[in-house]
**Student:** 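Mind having a look at this structure? Questions to follow.
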Amino acid sequence: MLIATALEKRFGAVRALAGLDLAIKPGEFFALLGASGSGKSTLLRVLAGFDAPDAGTLRLDGQDLRPVPPWARPINMMFQSYALFPHMNVADNIAYGLKRAGVPVEERRNRIAAALELVGLQGLEARKPQQLSGGQKQRVALARSLVMRPRLLLLDEPMAALDAGLRERTGLELRALQRKTGAAFIMVTHDQQEALALADRIAVLEGGRVAQIGPPQEVYARPATRFVARFLGAANVLEGRMRNGVFESAEAGADIAMGLPTDTVAIALRAEQIRLASADEAPSVTGILEDAAFRGDDWLMVVRLPGGASLRVLHNAPPPAPGSAVSLTWEAGAVVPLFA
Amino acid sequence: MPRGILLAPLWTWLLLLVAAPLLILVVMALATPADGVPPFMLGWRFAAFAMLVEDFYYADALVAALRLAATTAGLCLLIAYPMALGMAGVRPAWRLPMLALLMLPFWTGFLLRIGAWIGLLRDEGLINHLLRGLGITDAPLALLYTEGAMLVGMVHAYLPFAVLPIFTALIRLDPALLEAAADLGARPARVFFSVTLPLTLPAAAAGFLLVFIPAAGEFVIPELLGPPEAQVIGRVLWQEFFQNRDWPLAAALALALLALLILPIRWFQRLGAGA
Amino acid sequence: MKPGGVVRAVMLAGFLFLWLPILLLVGFAFSADRIPFQWGGFSLRWFGVLAANERLLEAVWLSLRIAAASATLAVLAGGGIAFALARFGPFRGRALFGALIGAPLVLPEVVIGLSLLLLFVALEGVIGWPAGRGAFTILLAHASFGAAYVAVVVQARLAEAERSLEEAAMDLEATPLVAFWTITLPLIAPALLAGWLLAFTLSLDDVVVASFVSGPAGTTLPIALFSMLRLGVTPEVNALGALVVLVVGSMLALALWLFGRGRA
């Protein structure tokens, strides 16, 4: 539905978008994941029309979007700050776009009522934004966008301004709303949990480019680059190279795996897929247990390898005393080769 | 978006009503006074500036103006800082009424307030009347048209402008800082001198300059309350323009005043940018 | 005495110093005595004398008209300039633009007055407009420094109002003009009103600039008052002062009441 190719955007010396390609399918919940400065917010502003790309193409159902100003794009946006108009009550906020679009009064009233019902805010029509809680403001912002029946809704960090306790539930409601309305959602976030939990597909952005794109499980299980592996958390990354069919890692001080592609430059190994080797097993590596921390469900152990690197290991039984020598092992399939 | 269409009238406004007058001031300072309407002939002579240098009357007027401005600003600061402290110390609900009490005199008319001072200070005025009535004096004291009357009038007119920035800075001061200092064992006086005062010093400087800059060019108060010998630059410029009809000299005096004020103005703007 | 006591004492003395002359001015306006600030029994006679002083009343009327017109012009120019500075991003000459609007805030009154007079004289000499000086040139001069104050007030308000509000409006199908009209303008309206009032007061209070740029036909209230005060005060000045304080006071009370009602 939305296809962006080779998007470029510079702010002075900063290249916020560096040849970014992206294709969004109709009706999908898509998450743009990246650190601050990765270009995710710039991309959203380019899609909404607030910033013009320096180069590249942007098409919505085949229509070139670049000459279309924000007010004429069939795309709506929910702002991180919600940007509710402080001098209008809830109903007038929601009515704003409908009035601009010239929707007749009767239909307007029905659509506002429907939008309020959709987000569960019936009865708050006359409140001013200052009189609403954070969660209510977020719903008004959502209703204000959805009442326009956009085919594509952009959400800029929709949960960032909410209390931690409210985020999980709101996220699930957001996805339910997305399913109900059938609109495609593009959500920008820096929170990988949020992206993994809600999205049909995610794109990890790095340096104004897409580092990896795919369903959450796939990206999580098979990160393509060191950056993605580190950004999604929990994965250990060990540098090294393939020699004679064996992956040698100097920082581990050991040979880690066999049979990886010859152009492998590093490997990712998830903490939960490493376990302590039993006495009769041949360990994959040995090291010294530096520290262990109880996390409720399990313990996080930090193991210093002979080469100096440390591995994070999740263990579901009380760990040995710090300073002990430990032997670690994992299934061959747990090692993910990284090529960049 | 047609920004140019929106900017054009605004540029015209600024260039015509702010930039052009200042440039014409320079042109006028280089002209020669002449009999006629208007009373000058254009030219490129430095006679007016030469006069400023040669005749100590003008240098003295500049010095007198700077002295008056510095004294006024210093006195204002001395009163304004404790006033601001007191105002910041009241309950938050009382802050707005306090602020109104401070700024309201400003809305009652500058000349009327000077008129009140004249009525209080003159020979047959209220103060002399009371002094005689109480038997303290038997002849009227010369209070009006003195340095003292002028200073009282200046401080009365400018005091609120010195209080305002200090009050704002004190209110914005994070109470956690003061609590942290007290928590680290500082006594109240020590908290004030080691935390409050250093943090509000820029605001105090802004308050000083907010008074100093306009006071340096003041004309009305020295004219109406001051002694005849208080020939500050504002008065001298006025006389050269209105009585002697020497427009080039008046323009040169204006430029000289501006030159003296450039440093305080830059300093003030830097303080503003930092706030 | 404790430090807190000293601070409180200075504060009270400061307020007393600011207010006493004004309160005495108002109080003695109701004195029958010919000498101002002498109590000769309660009387409204000086208000009657004031009402009969046609020249002074004319000056008041002229000043009010000039103040209203110049404040309106100042809001248009100063508001536009503040909007350009707050919303146009970088444009050519932006630094000069900002410096020029700020200049009247720091220039001494005598410099503003003299330089504007020279401008009007030069304009008349070159293009024949404005022909002569009087109410119109005072109006322009007051608008030029009033705009500087309006710009400061409005810019502060615009900086407070998020840019994303206007973007949200445009995202909801409002063209930039409609977004300005429906979102920006209502949000900065209080600042525009405050700026108007400030410019109005400054105009009504100005004697120096007006003296430079006025002609024989431009005797505003401050110019008339100034020449009266040069000769010493009369009870009429007290009466005028009392009227001004009462009018300003009731306007302020009204404003506070409206403000309080708007918040409730």
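Here the structure is a predicted model, which means the values were calculated and not measured. Order of the sequence lines fixes the chain letters, A, B, ..., with proteins taken first and strands second; residue numbering starts at 1 for each chain.
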**Student:** Go through the atoms of B:Leu258 and report whether side chain, backbone, both or neither lie under 4.5 Å from a heavy atom of chain C.
**Tutor:** side chain
**Student:** Side chain from CB out, backbone as N, CA, C, O: work out which of these in B:Leu257 comes under 4.5 Å of a heavy atom of chain C, or both, or neither.
**Tutor:**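 Contact with chain C: side chain only.
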**Student:** How many angstroms lie between atom CZ of C:Phe88 and atom CG of B:Leu10, to the nearest 0.5 angstrom?
**Tutor:** 7.5 Å
**Student:** Please identify, among B:Gly217, B:Ala116, B:Ala80, the residue contributing the most non-hydrogen atom pairs under 4.5 Å to chain C.
**Tutor:**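 Max contact count across the listed options: B:Ala116.
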**Student:** Taking every non-hydrogen pair under 4.5 Å, which of B:Ile79, B:Val90, B:Leu102, B:Leu261 racks up the most with chain C?
**Tutor:**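 The answer is B:Leu102.
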**Student:** Between B:Pro214, B:Gly119, B:Ala254, which has the largest tally of heavy atom pairs under 4.5 Å with chain C?
**Tutor:**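 So the answer, after comparing B:Pro214, B:Gly119, B:Ala254, is B:Gly119.
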**Student:** Taking all non-hydrogen atoms of both residues, which atom of B:Val18 and which atom of C:Leu100 are closest, and how far apart?
**Tutor:**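 Shortest heavy-atom contact: CG1-O, 3.4 Å.
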**Student:** Which residue out of B:Leu22, B:Leu104, B:Leu237 racks up the most heavy-atom pairs below 4.5 Å with chain C?
**Tutor:**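 Greatest number of close heavy-atom pairs with chain C: B:Leu104.
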**Student:** Going through the distances and angles, do C:Val110 and B:Phe241 end up as a side-chain contact (heavy atoms from CB on, under 4.5 Å)?
**Tutor:** CA-CA 10 Å; C:Val110 282; B:Phe241 182 83; over 6 Å; no
**Student:** Donor-acceptor pair, distance only, cut-off 3.5 Å: does the side chain of C:Gln38 make one with the backbone of B:Glu124?
**Tutor:** yes
**Student:** With sequence neighbours left out, which residue pairs that include part of residues 85-113 of chain C fulfil the side chain to side chain donor-acceptor pair (under 3.5 Å) condition?
**Tutor:**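 Residue pairs passing side chain to side chain donor-acceptor pair (under 3.5 Å), neighbours aside: C:Arg87-C:Glu166.
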**Student:** Should C:Leu96 and B:Leu14 count as side-chain neighbours, where that means a heavy-atom distance under 4.5 Å?
**Tutor:** no
**Student:** Could you look at B:Trp11 and say if it's the side chain, the backbone, both or neither that has a heavy atom under 4.5 Å from chain C?
**Tutor:** both
**Student:** Which answer fits B:Pro105, side chain, backbone, both or neither, if we ask what part of it has an atom under 4.5 Å from a heavy atom of chain C?
**Tutor:** both
**Student:** Name the region of B:Val152, side chain, backbone, both or neither, that has any atom closer than 4.5 Å to a heavy atom of chain C.
**Tutor:** both
**Student:** Less than 4.5 Å to any heavy atom of chain C: does that hold for the side chain of B:Ala250, its backbone, both, or neither?
**Tutor:**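 Contact with chain C involves both backbone and side-chain atoms of B:Ala250.
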**Student:** Using heavy-atom distances under 4.5 Å, tell me whether B:Leu159 contacts chain C through its side chain, its backbone, both, or neither.
**Tutor:**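 The side chain, not the backbone.
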**Student:** For the pair B:Trp238 and C:Phe212, name the ring-plane relationship: parallel under 30°, tilted 30 to 60°, perpendicular over 60°.
**Tutor:**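 Judged by the thresholds at 30° and 60°, the geometry between B:Trp238 and C:Phe212 is perpendicular.
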**Student:** Report the distance from atom CZ of C:Phe15 to atom CE of B:Met83, rounding to the nearest 0.5 Å.
**Tutor:** 4.0 Å
**Student:** Which answer fits B:Phe110, side chain, backbone, both or neither, if we ask what part of it has an atom under 4.5 Å from a heavy atom of chain C?
**Tutor:** both
**Student:** Look at B:Leu16, B:Leu101, B:Ile24, B:Ile233 and state which one has the largest set of heavy-atom pairs under 4.5 Å with chain C.
**Tutor:** B:Leu101
**Student:** Which residues pass the salt bridge (Lys or Arg N to Asp or Glu O under 4.0 Å) test with B:Arg235, not counting sequence neighbours?
**Tutor:**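 With neighbours one apart ignored, the set is B:Glu223.
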**Student:** Say you draw a straight line from CG of B:Leu126 to CG of C:Leu25; how long is it, rounded to the nearest 0.5 Å?
**Tutor:**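 Answer rounded to 0.5 Å: 11.5 Å.
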**Student:** At what distance, to the nearest 0.5 angstrom, does CE of B:Met28 lie from CG of C:Leu119?
**Tutor:** 11.0 Å
**Student:** Side chain from CB out, backbone as N, CA, C, O: work out which of these in B:Met87 comes under 4.5 Å of a heavy atom of chain C, or both, or neither.
**Tutor:** both
**Student:** How are the rings of B:Phe219 and C:Phe226 set relative to one another: parallel (under 30°), tilted (30 to 60°) or perpendicular (over 60°)?
**Tutor:**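 B:Phe219 vs C:Phe226 ring planes: tilted.
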**Student:** Below 4.5 Å from any heavy atom of chain C, which atoms of B:Val27 appear? Answer side chain, backbone, both or neither.
**Tutor:** neither
**Student:** Please classify the contact of B:Ile265 with chain C as side chain, backbone, both or neither, using a heavy-atom distance under 4.5 Å.
**Tutor:**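 Only the side chain of B:Ile265 comes within 4.5 Å of chain C.
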**Student:** I want to check something: taking the side chain as every heavy atom from C-beta on, are B:Pro82 and C:Val6 in contact at a cut-off of under 4.5 Å?
**Tutor:** no
**Student:** If I measure from the heavy atoms of chain C, does B:Phe106 come under 4.5 Å with its side chain, its backbone, both, or neither?
**Tutor:**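 Interface part for B:Phe106: both.
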**Student:** Aromatic rings B:Trp117 and C:Phe17: how do their planes relate, parallel, tilted or perpendicular, breaks at 30° and 60°?
**Tutor:** tilted
**Student:** Is B:His156 in contact with chain C via its backbone, its side chain, both, or neither, using a 4.5 Å heavy-atom distance?
**Tutor:**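 When you check distances to chain C, atoms from both the backbone and side chain of B:His156 fall under 4.5 Å.
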**Student:** Taking every heavy-atom pair that is under 4.5 Å apart, which of B:Leu85, B:Val163, B:Ile213, B:Leu120 has the most such pairs with chain C?
**Tutor:** B:Leu120
